[in-house]
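A quick note: this is a predicted structure, and the numbers were derived from the prediction, not measured.
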Amino acid sequence: MEREFDALGVPNYQRVRDAMRADIARGNLAPNAHLKINDLAARYRLSPAPIREALAQLAAEGWVVIHPNRGAWVRVIDEAFLQDLNEIRIALESYITGQAAAVATPAQIELLDQIESDYERALSIAGPTDTGRLVQLNAALHDAIKAIRPNLEAKALMQRHSIFFNTMRVAWGYGDYRPHQIAEEHRRLIEAFRKNDGALAERICREHIAHAMQDLLSLWRTRNGRS
C-alpha cells in the first residue's frame with residue numbers, strides 16, 4: 001500500500017518512520033522482511049534519503065536490524081524480546097515514579113488527577129475500543145509523572161520503550177479487562193503520590209507495568225496462534 005506524506009511542518013523521515021513503525025507492529029512489514037531502500041521509497045512515495053534516516057532511527061528503537069553490507073531487516077518481535085524490554089522498563093520506570101511521588105506537589109498531583117479523569121471520561125464515552133485515545137491519555141499521565149522529577153538520561157531510555165509499547169498497543173489494542181484495570185491502578189498510584197509515599201508508588205508502578213505486559217503478551221500469543 002503506497003502512501004503520500006503531506007503533513008505540514010513534519011520532516012519526511014519522521015512521517016515515514018512513524019508509518020513504518022506502525023506497519024511493522026501490524027505485520028504489514030513482516031518479521032525478517034528485507035527492507036530494500038528502493039522498494040520502501042516506492043511504497044511510501046518518497047526519495048531514498050528520508051527512508052535511510054527513518055531506518056536508522058527504527059534500528060535505534062529496536063524495530064529494525066541493520067547488517068553492514070547486507071541492508072536492513074525487520075526485527076522478529078518474539079516473547080523473549082518483549083520480556084527483555086519490559087524488564088528494563090519495570091526497573092527504570094518504577095524507580096523514577098517512586099522518586100517523583102516522594103517530591104510531588106499538590107499542583108502536580110492535581111494535574112495527574114485531571115489527566116486520569118480525562119482517561120476515565122474517554123473510557124466511559126467510547127469504551128475500551130477507542131485504543132488510540134486511551135493510549136494517548138495513558139502516556140500523558142506517565143509523561144506528567146516523569147516531569148515531576150526530571151532525569152534526562154532515564155527519559156531517553158524510557159522514551160524508546162514508551163514509543164515501542166504504545167505503538168504495539170495502538171496496533172494490537174487491549175484485552176477486554178485491561179482499560180478498566182489501568183484506571184484502577186492509576187487511582188491507586190495517584191493516592192500514593194498524594195501521600196508522597198515513594199516506596200508505595202514504586203510498588204504500584206511495578207505491578208502496573210507487569211499487568212500491562214501480561215495483557216500485551218496474551219494478545220501476542222493470540223495473534224501468533226499460541227494462546
Can you confirm whether or not the ring centre of His67 sits under 6.0 Å from the ring centre of His34?
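No; His34 has its ring centre 6.0 Å or more from that of His67.
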
Roughly how far, to the nearest 0.5 Å, is [atom2] of [Y] from [atom1] of [X]?
X: Leu189; Y: Ile182; atom1: CG; atom2: CD1; result: 12.5 Å
X: Thr97; Y: Leu92; atom1: OG1; atom2: CG; result: 9.0 Å
X: Asp78; Y: Gln83; atom1: CG; atom2: CD; result: 10.0 Å
X: Leu111; Y: Gln108; atom1: CG; atom2: CD; result: 8.5 Å

Using a strict 4.0 Å threshold on nitrogen-to-oxygen distance, state whether [X] and [Y] make a salt bridge.
X: Arg194; Y: Glu191; result: yes
X: Asp215; Y: Arg169; result: yes
X: Asp84; Y: Arg89; result: no

Could you tell me whether the side chain of Ile24 reaches within less than 4.5 Å of the side chain of Val64, counting heavy atoms only?
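Contact flag for Val64/Ile24 side chains = yes.
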
With hydrophobic residues grouped by side-chain heavy-atom distances under 4.5 Å, do [X] and [Y] end up in a single group?
X: Ile77; Y: Val170; answer: no
X: Ile163; Y: Val74; answer: no
X: Trp63; Y: Leu40; answer: yes

Applying side-chain hydrogen bond (donor to acceptor under 3.5 Å, both in side chains) to Tyr95 and Asn151, what does each step give before you reach the verdict?
CA-CA 11 Å; Tyr95 172 77; Asn151 181 319; over 6 Å; no

Test applied, side chain to side chain donor-acceptor pair (under 3.5 Å); reference residue, Glu61; option that passes from Arg17, Arg21, Arg160
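The side chain to side chain donor-acceptor pair (under 3.5 Å) with Glu61 is passed solely by Arg21 among Arg17, Arg21, Arg160.
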
Here's a test for you: under side chain to side chain donor-acceptor pair (under 3.5 Å), which of Arg188, Arg203, Glu185 qualifies with His208?
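Only match with His208 under side chain to side chain donor-acceptor pair (under 3.5 Å): Glu185.
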
Is there a side chain to side chain contact (heavy atoms under 4.5 Å, CB included) between Asn28 and Arg43 once you walk through the steps?
CA-CA 12 Å; Asn28 297 330; Arg43 178 188 181 94; 3.8 Å; yes

